[in-house]
Enquirer: 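Take this structure first; my questions come after.
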Amino acid sequence: MARNRDCIVTTHAGSLPRPPDLTRMMWDLLDGQPVDTAHLQARVKQAVADVVARQREAGVDIVSDGEMSKVGFSNYVMQRYSGFANRAQFVATDLGDFPEIVNKLFVENEGGRHLVLPNVEGPIELRDEEAVYRDIANLKAALGARSPDTAFIAAVTPGQMLFNFPN
């Protein structure tokens, strides 16, 4: 990653808001609805280009793909890896004392209703070998001639997995 000794380099972590039509396609995938894969991939590529451009316009030094290809920061693994099934009983201990917030996040909010945190129920193996290569290609295309040293693609950590997948 590039360093700068003249200023504090800025970046961010996590998902950036996805366009509504892309969000809808991702929710449809989660819900088992048919989605045109070619259209989805083209839309992700365009969304990455748009989000990289917006970050550059805002002055972000180290940009990301905004996780446009992922339905969410950690639950996307169920789409890319086998071994996950059914819904786990999600227990956010930090929210336990605030049931009204849980209701707002996971019941009233449509995004929360699509949040799936499954159980690990079998061997975890790579399901979609091409997904990460598409992510890299989309980000490189969005960067154009700019160095990839000024960009990153986020990936869920084992610690986050342990937090979200209780078994």
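We count residues from 1, following the sequence as given.
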Enquirer: Does the Arg18 side chain pair with the main chain of Gly66, one donor and one acceptor, at a distance under 3.5 Å?
Expert: no
Enquirer: Can you confirm whether Thr10 sits close enough to Gln55 that some side-chain heavy atom of one is under 4.5 Å from a side-chain heavy atom of the other?
Expert: no
Enquirer: Is any side-chain heavy atom of Lys70 closer than 4.5 Å to one of Gln79?
Expert: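 No. Closest side-chain heavy atoms not under 4.5 Å.
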Enquirer: Let me confirm one number: the NZ-CG distance from Lys140 to Asp65, rounded to the nearest 0.5 Å.
Expert: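 With rounding to 0.5 Å, NZ (Lys140) is 13.5 Å from CG (Asp65).
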Enquirer: Do Ser69 and Gln41 have side-chain heavy atoms sitting under 4.5 Å apart?
Expert: no
Enquirer: Quick one: CD1 on Ile124 to CZ on Arg80, what's the gap to the nearest 0.5 Å?
Expert: 15.5 Å
Enquirer: Could you work out, with salt bridge (Lys or Arg N to Asp or Glu O under 4.0 Å) as the rule, every residue matching Asp61, not counting sequence neighbours?
Expert: none
Enquirer: Can you confirm whether more than 12 heavy atoms, excluding those of Arg127, are under 6.0 Å from its CZ atom?
Expert: yes
Enquirer: Looking at every non-hydrogen atom in both residues, tell me the closest pair between Leu30 and Val71 and how far apart they are.
Expert: CD1-CG2, 3.3 Å
Enquirer: Which donor-acceptor pairs under 3.5 Å do side chains of residues 44-54 form with protein atoms, sequence neighbours excluded?
Expert:
from  : atom 1 : to    : atom 2 : distance (Å)
Gln46 : NE2    : Asp50 : OD1    : 2.7

Enquirer: Nearest 0.5 Å please: distance from the CE atom of Met26 over to the CE atom of Met68.
Expert: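 Rounded to the nearest 0.5 Å, the CE-CE separation comes to 8.0 Å.
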Enquirer: Heavy atoms, side chains only, cut-off 4.5 Å: are Val77 and Val156 in contact?
Expert: yes
Enquirer: Under 3.5 Å, side chain of Asp31 to main-chain N/O of Gln33, donor-acceptor pair present?
Expert: no
Enquirer: Could you grab the distance from atom CG of Asp36 to atom CE of Met25, nearest 0.5 Å is fine?
Expert: 8.5 Å
Enquirer: To the nearest 0.5 Å, tell me how far Ile62 CD1 sits from Phe152 CZ.
Expert: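 The CZ atom of Phe152 is 8.5 Å from CD1 of Ile62, to the nearest 0.5 Å.
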Enquirer: By the salt bridge (charged side-chain N to carboxylate O under 4.0 Å, His left out) test, which pairs, at least two apart or in different chains, include something from residues 150-163?
Expert: none
Enquirer: Closest heavy-atom contact between Leu143 and Ala151?
Expert: CD1-CB, 3.7 Å
Enquirer: Under a 4.5 Å cut-off applied to non-hydrogen side-chain atoms, are Leu40 and Leu22 in contact?
Expert: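 Yes, at least one pair of side-chain atoms sits under 4.5 Å.
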